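In what follows, a structure is listed as structure tokens, so that the remarks can point back to it.
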Amino acid sequence: MANLAVQIDQLSRFYKSGKNQITALDNITFELETGAQVALTGPSGSGKTTLLSLLGALEHPDSGQIILFGQNINLMNERQGADFRRHNVGFIFQDDALMPELTVFENIALPLILIKTTAKEIERRVQKILADLDLAKFSQSFPPSLSGGEKQRVAVARAVIHRPKLLLADEPTANLDRQAATLVLDAIDKLAVEYNLTMIMATHDPRVYNRLPTRLELIDGKLI
Ligand SMILES: Nc1ncnc2c1ncn2[C@@H]1O[C@H](COP(=O)(O)OP(=O)(O)O)[C@@H](O)[C@H]1O
Ligand SMILES: [Mg+2]
């Protein structure tokens with residue numbers, strides 16, 4: 001059991017919409033080993049974002065259990081959940097969600113500042129990842145001056161700079177053209193291997209999910 005990264009047991013999540021109740025996730029059960037690289041597929045509205053939010057401890061389930069790397073995140077209070085997230089989880093969203101008033105270097109450094117990394121170590125790690133992702137020339141640039149694909153590569157660097165165990169990506173290439181998307185996916189692949197990340201990437205694009213070895217498919221909140 002020591003190698004299990006994710007253990008999800010009978011997980012459900014409901015939302016209220018007026019008088020109706022929407023079942024966003026319907027009794028989901030699965031396990032992933034450490035280092036698994038998984039595509040989470042399914043049509044729009046099938047529950048992909050909800051599942052990623054629960055896995056990242058951004059939301060609480062209505063029933064069921066989530067154990068990440070042996071830790072039951074349901075039992076954590078808000079502060080413990082935030083602490084767990086800062087150390088163990090990296091997120092990449094559809095939009096890069098960078099801070100426009102901070103430089104590329106500063107954006108990537110943010111997760112390290114939150115976990116009180118020394119300035120020297122921040123400098124070392126951020127310079128290395130900038131070089132690895134061919135972004136060094138943008139170190140002192142501000143995000144609005146970068147292309148969509150460049151910004152998303154910065155967002156990838158920011159998502160993994162603190163060496164999370166779990167990388168959650170929600171349609172990270174949905175807003176990019178084919179060429180930029182390929183560069184972003186290549187960057188994610190390279191870092192996932194180098195840092196031995198367990199990765200779950202939501203997508204409904206076959207060109208994205210066909211790159212990944214494992215696929216989980218949701219339809220109407222059910223795993224099929
Ligand atoms: N905050 C919310 N309030 C109400 N309904 C929501 C909320 N978030 C998601 N839903 C609903 O839950 C279902 C699953 O949504 P979501 O997880 O975003 O799917 P996907 O990411 O696969 O498109 C959808 O029917 C959606 O409308
Ligand atoms: Mg979604």
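As a basis for the values below, the full set of heavy atoms in this structure was taken, side chains included, without hydrogen atoms, waters or symmetry mates. In listed order, ligands and their atoms are each counted from 1. The structure displayed is predicted, hence computed values, not measured ones.
The pair R211-D186 counts as a salt bridge, with a side-chain nitrogen and a carboxylate oxygen less than 4.0 angstrom apart. Ion pairing of D132 with K190 is absent here, as no side-chain N (NZ or NE/NH1/NH2) approaches a carboxylate O to less than 4.0 Å.
A109 meets the side chain to side chain contact (heavy atoms under 4.5 Å, CB included) test with F105, I113, I122, V126; sequence neighbours excluded. T118 is linked by a side chain to side chain contact (heavy atoms under 4.5 Å, CB included) to K120, E121, counting only residues two or more places apart in sequence or in another chain.
Listed by chain and number, T49 OG1 are the protein N/O/S atoms closer than 2.8 Å to the Mg ion (ligand 2), with waters left out.
In K16, the NZ atom is not crowded: 12 or fewer heavy atoms of neighbouring residues, nucleotides or ligands sit closer than 6.0 Å. For R79, the CZ atom sits in a loose shell: 12 or fewer heavy atoms of surrounding residues, nucleotides or ligands are nearer than 6.0 Å.
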Test side chain to side chain contact (heavy atoms under 4.5 Å, CB included) on R207 and T173; report intermediate values, then the result. CA-CA 11 Å; R207 285 175 299 194; T173 59; over 6 Å; no
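Between H60 and L54 the shortest heavy-atom distance is C-CD2, 3.4 Å. Minimum heavy-atom separation, T34 to T198: CA-OG1, 3.5 Å.
Closer than 4.0 angstrom to ligand 1 lie heavy atoms from Y15, I22, A24, P43, S44, G45, S46, G47, K48, T49, T50.
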